[in-house]
2 protein chains.
Amino acid sequence: MALLSVLTPVLAVILCLVIGFILVKRREPETTSSARSKAKTDFRPWVDQDLQDDTEITAREEEDSEWVDSNEEDLPHVPYSPLRYPENTMLQRSQDFYTLMNQRRSVRFISPEPVPQEVINNVVHTAGTAPSGAHTEPWTFVVVSDPETKHQIRLIVEEEEEVNYRQRMGDKWVHDLAKLKTNWIKEYLDVAPYLILIFKQTYGTLPNGKKKTHYYNEISVSIACGILLAALQNAGLVTVTTTPLNCGPQLRLLLKRPANEKLLMLLPVGYPASDATVPDLKRKPLDDIMVHI
Amino acid sequence: MALLSVLTPVLAVILCLVIGFILVKRREPETTSSARSKAKTDFRPWVDQDLQDDTEITAREEEDSEWVDSNEEDLPHVPYSPLRYPENTMLQRSQDFYTLMNQRRSVRFISPEPVPQEVINNVVHTAGTAPSGAHTEPWTFVVVSDPETKHQIRLIVEEEEEVNYRQRMGDKWVHDLAKLKTNWIKEYLDVAPYLILIFKQTYGTLPNGKKKTHYYNEISVSIACGILLAALQNAGLVTVTTTPLNCGPQLRLLLKRPANEKLLMLLPVGYPASDATVPDLKRKPLDDIMVHI
């Protein structure tokens, strides 16, 4: 007892230190989740933060699977009887369209020759006929032909790409890409008569000023890009599908796009250069991509 | 001092309890993140778990922004000189293609009339010409014409949709959807001569048997779907873009698809019914979707 009495202050001090230590430790896990993601970001800076949004994940929450417009109830239904082709005509058209589309290749060597603006208007207008979740049409096509703006875009993209390759991708990647004869120099961003930057609108604004989430916006805009690629090929123009890493925020600022728009793709558009080359790639045969039941 | 002596055991007990309590509390946050996501899942069962994968998020980690094939270095480059149209021809083609695509509508009333299989082969083959991250071509098009299989698909989709509407969407949604005159009955799944189920391959298998992540697989497959929709419209066929909620696993099982494939879209395909109607929707004018700089 006497011993205890003597030890009491010591005991108290030790226990206080222990409790203090434990309390300090306790605080850490509380900030872990945010801290972890932050750390992860710092550790994997090449992950494009700008494209991340949870609209795709929340999409299934309220969206009808048929992508019907939630305002359709206010709309009258009208008869729909599109042009119908005889079987042999339909067959020929489907064959011809395949032949045309199968000639499309991603081309990085674009001619500086001018292309009529009206053709660009038409292909963008065509892309805008794509279906979209709840008919939100969540896309903005920024068409850049101004040389100075194109150059600013090039500087932003090349700076990021150089960092991507040099620092983020690691030596192995720089080596592989060197072998690919591609690097962070994107001459076509200056040379191509047009750059089409496709932004997805992650949300819209309702008449009452409230935010309206655009469900399936990334899938919808990607479908529109598929139709855009078809329209470009149909017009005899070329492009290369690019998704510049981490350039979204800077490009959005440069192009004065609102905060609800995020860069999904950048397409340099024009005629192919007279000396354009493409890797001798083959596509999978039909049997490898289609299963018939 | 005597008082302290007497209190020591009590003090010790209290402090032990405090420490024990703190230690217990400390353990909780460690499991929080996983527990939270799980809780979230349980709390929001309508979120389609099957479509969730981190390939899009990790995409920017190792993927080249130009979607180049990481095997391209082994490929010779060949000259590329596609057909070039005179300006007025190009202009006319771009205008005609817009006019054709602008006639496309999502149609839920599909005719049971047979459609030549070769046309379906051609439109799927056309979809397969889409660009893809690292030329992985991460798509499988399952074309179903077998009546029994179509009916099985209908049962799976309708069961899930009914749950979606009745339980998951809440009373408000059931009400709205009733006003929409749509519900969980999907007659077209039996009636349409073809159902095309588009699966995205989230990863592939290398010759050495290792997994190969397919970067940008959802964007790539969505682009292919855009080209597929264009090909169907070009052939005079109709469809409605649907993304059945939570049916992926069951449909994958029914169609015997491997674990690396996830259902992205389901398209019923055929001629429009003679009495087909569509909501009288308008599309945004060009000025609302395009910005020229």
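The sequence lines fix the lettering, A, B, ..., with proteins before strands; numbering per chain opens at 1. FYI, side chains are in, hydrogens and waters are out, and symmetry mates aren't considered; it's all heavy atoms of this structure.
- By the 30° and 60° cut-offs, the orientation of the rings of A:F97 relative to B:F97 is parallel.
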Side chains of residues 119-130 of chain A: which donor-acceptor partners sit under 3.5 Å, not counting sequence neighbours?
{"from": "A:N121", "atom 1": "OD1", "to": "A:Q117", "atom 2": "NE2", "distance (Å)": "2.6"}
{"from": "A:N122", "atom 1": "ND2", "to": "A:E118", "atom 2": "O", "distance (Å)": "3.4"}
{"from": "A:N122", "atom 1": "ND2", "to": "B:S94", "atom 2": "OG", "distance (Å)": "2.9"}
{"from": "A:H125", "atom 1": "NE2", "to": "B:Y98", "atom 2": "OH", "distance (Å)": "3.3"}
{"from": "A:T126", "atom 1": "OG1", "to": "A:N122", "atom 2": "O", "distance (Å)": "2.6"}
{"from": "A:T129", "atom 1": "OG1", "to": "A:T126", "atom 2": "O", "distance (Å)": "2.6"}

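- If you measure heavy-atom distances from A:R104 to chain B, the contacts under 4.5 Å come from both the backbone and the side chain.
- At a 4.5 Å heavy-atom cutoff, the contact between A:L229 and chain B is made by side-chain atoms alone.
- Heavy-atom distances place no part of A:L195 under 4.5 Å from chain B, backbone and side chain included.
- Heavy atoms of A:F199 lying under 4.5 Å from chain B are absent altogether.
- Contacts of A:L100 with chain B are made by side-chain atoms alone, with heavy-atom separations under 4.5 Å and no backbone atom involved.
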Atom pairs and distances, side-chain donor-acceptor, residues 274-282 of chain B, under 3.5 Å, sequence neighbours left out:
{"from": "B:D280", "atom 1": "OD1", "to": "B:K282", "atom 2": "NZ", "distance (Å)": "3.0"}

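- Using a 4.5 Å cut-off between heavy atoms, A:E87 contacts chain B through its side chain alone, with no backbone atom that close.
- Within the 4.5 angstrom heavy-atom criterion, no atom of A:V221 approaches chain B.
- Heavy-atom distances place the side chain of A:V107, and not its backbone, under 4.5 Å from chain B.
- Contacts of A:S145 with chain B are made by both backbone and side-chain atoms, with heavy-atom separations under 4.5 Å.
- For A:P131, the parts lying under 4.5 angstrom from a heavy atom of chain B are both the backbone and the side chain.
- For A:V240, the part lying near chain B is the side chain, with the backbone staying farther off; criterion is any non-hydrogen pair under 4.5 Å.
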